[in-house]
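Taking it in order: structure first as structure tokens, then the write-up.
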Amino acid sequence: MLFIETDSPPPFYQERLTPTKRKQLDQWFIGHRTQSYYLKRFEQFDKQGYLSPKWHWAAFFITFPWLLYRKRYMDALVYSVAGWSFIQLNVVMALVFVEFAIISYIPDAHHMATRIGIAGIIWLFWAFMVARWTDAYYYRVARREIADALEDNPRDEAAQKDHLKREGGVSLYGLGLGFGFFAFALMVIYVQFLPIIAKPKENEVLFNTYDIAKTTQNRVALLYQQTGRCPIDLPLSIDEPQVRIQITTQAAGAPKADCVVWATIQNVKFPIRHLNDQTLMFYHNVDNNSWRCTSSLNKKQAPAYCIDD
């Protein structure tokens, strides 16, 4: 699509056809949907005598579904394999360069945004180039199919019409298949690749939560041992906005506790918003005069000895 001839006249152009006959053949190939748009584009290419870039919004946003919608099944396969492989290769090369040459100069908090931004710029460039040449590509396909129809059935107009309607027009099944593929790709990203990004962030939040809660519990335990009461008025200076600490004398889930240190996760953004309102609790058990731990986190997330009683 990006390497289309700009020869004069355009490839497969049938000079012997009258304007009326050429328009009729174009209509058969294009079909009823957006026919006026493509007829206008085809006429422009015919008059200027060469192919030139135009703008195609559908190709910019949804190239793969558009190709299937226009029955370009083999081209869609080539695009999905070769095109996306080209994009991935360029993304990998750019990210490798950034990792070794630039990333050390960027604050840690902006590393992921930088990587996503670079990949997005490369995709936008590719989508921009495809969108500029899609009309020329579709014109070329139409002229090729018309040439085949005329060559195979030079005197049979009905056969020409059948050929062009079979090879051209649109397919709602193809469009559905294209969007279905997109949905599948998004599901794969969500299930397979999103956890790769989310796991380090989740571990960082969980570690900070445990570290802050444990440090507070150590202070509370020392004061409890010295005074014999729970220091619920202990001033706390927590610099972590994602963790809220509370000291109370009782809590649900710990009926035999007389001193409790609550750590609640808050203000966590995507993709680990599921951690919001999860809790980690250290409490003093009056029966055996010991500190225990419990958590609303699952077994994989909670510290090894923090089990739900």
Side-chain angles (χ1 to χ4, degrees), residues 95 99 103-104 106-116 184 186-309:
L95 291 180
E99 290 295 327
I103 205 72
S104 59
I106 300 175
D108 292 347
H110 299 212
H111 283 186
M112 186 55 64
T114 300
R115 298 183 183 105
I116 294 175
F184 174 76
L186 290 175
M187 182 185 70
V188 171
I189 291 172
Y190 181 80
V191 174
Q192 297 292 332
F193 296 102
L194 190 60
I196 297 176
I197 300 174
K199 191 61 178 178
K201 295 179 179 293
E202 179 181 285
N203 290 341
E204 180 181 359
V205 171
L206 294 177
F207 176 82
N208 289 340
T209 302
Y210 175 79
D211 185 56
I212 293 171
K214 186 60 179 176
T215 300
T216 304
Q217 184 262 329
N218 288 338
R219 293 179 58 195
V220 170
L222 180 60
L223 292 173
Y224 183 92
Q225 184 178 8
Q226 293 173 346
T227 64
R229 63 183 184 84
C230 186
I232 58 175
D233 298 325
L234 178 68
L236 300 174
S237 178
I238 307 299
D239 295 329
E240 177 55 70
Q242 295 179 331
V243 181
R244 183 176 73 251
I245 296 293
Q246 296 174 286
I247 303 174
T248 63
T249 56
Q250 58 183 356
K256 299 181 180 180
D258 62 349
C259 192
V260 181
V261 176
W262 279 95
T264 305
I265 301 174
Q266 61 183 8
N267 302 325
V268 176
K269 308 297 183 182
F270 179 85
I272 54 173
R273 287 179 297 193
H274 59 277
L275 292 180
N276 283 323
D277 298 324
Q278 296 295 318
T279 59
L280 183 66
M281 180 175 67
F282 291 94
Y283 63 95
H284 181 259
N285 190 301
V286 295
D287 286 348
N288 54 19
N289 193 31
S290 64
W291 286 87
R292 305 189 67 180
C293 172
T294 188
S295 175
S296 64
L297 298 165
N298 61 45
K299 292 182 179 180
K300 292 183 179 180
Q301 296 170 331
Y305 60 89
C306 273
I307 58 174
D308 193 7
D309 293 339

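These values consider heavy atoms only, across backbone and side chains, with no hydrogens, waters or symmetry-generated copies. Positions are given from 1, in the same order as the sequence printed here.
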Around [X], counting heavy atoms of other residues, nucleotides and ligands shown, do more than 12 lie under 6.0 Å from its [atom1]?
X      : atom1 : answer
Gln250 : CD    : no
Lys214 : NZ    : yes
Gln226 : CD    : yes

Review point. Going by atom types only, do Tyr224 and Asp258 share a side-chain donor-acceptor pair under 3.5 Å?
Key: yes
Between atom [atom1] of [X] and atom [atom2] of [Y], what is the distance when rounded to the nearest 0.5 Å?
X      : Y      : atom1 : atom2 : value
Leu275 : Gln266 : CG    : CD    : 12.5 Å
Gln278 : Ser295 : CD    : OG    : 7.0 Å
Leu223 : Arg229 : CG    : CZ    : 9.0 Å
Ile212 : Asn208 : CD1   : CG    : 6.0 Å

Would you confirm whether [X], through its side chain, and [Y], through its main-chain N or O, come within 3.5 Å as a donor-acceptor pair?
X      : Y      : result
His111 : Ile103 : yes
Ser296 : Thr279 : yes
Asn276 : Val268 : yes
Asn267 : Pro241 : yes
Thr294 : Met281 : no

Exercise for review: Mind running side chain to side chain contact (heavy atoms under 4.5 Å, CB included) on Asp277 and Ile265 for me, showing each step along the way?
Suggested key: CA-CA 5 Å; Asp277 298 324; Ile265 301 174; over 6 Å; no
Review point. Hey, mind stepping through Leu236 and Ile247 against side chain to side chain contact (heavy atoms under 4.5 Å, CB included) and telling me if it holds?
Key: CA-CA 10 Å; Leu236 300 174; Ile247 303 174; 4.2 Å; yes
Study note, to complete from the structure: Here the pair of heavy atoms bringing Val260 nearest to Cys230 is N-SG, 4.2 Å
Revision key, fill the gap. For Gln217 and Val261, the nearest pair of non-hydrogen atoms, with its separation, is CA-CG2, 4.1 Å
Heavy atoms, side chains only, cut-off 4.5 Å: are [X] and [Y] in contact?
X      : Y      : answer
Asn289 : His284 : yes
Gln301 : His274 : yes
Leu206 : Leu280 : no
Pro195 : Pro271 : no
Leu234 : Arg219 : yes

Check your understanding: Do Ile245 and Trp262 pass the side chain to side chain contact (heavy atoms under 4.5 Å, CB included) test, and can you show the C-alpha distance, the side-chain angles, and the key distance before you say yes or no?
Key -> CA-CA 5 Å; Ile245 296 293; Trp262 279 95; over 6 Å; no
Exercise for review: Check the angle between the aromatic planes of Phe282 and Tyr210 and answer parallel, tilted or perpendicular using the 30° and 60° thresholds.
Suggested key: tilted
Check your understanding: Taking 4.0 angstrom as the limit, do Glu202 and Lys199 come out as a salt bridge?
Key -> yes
Check your understanding: Run the side chain to side chain contact (heavy atoms under 4.5 Å, CB included) check on Gln246 and Ile232 step by step: do they pass?
Key -> CA-CA 8 Å; Gln246 296 174 286; Ile232 58 175; over 6 Å; no
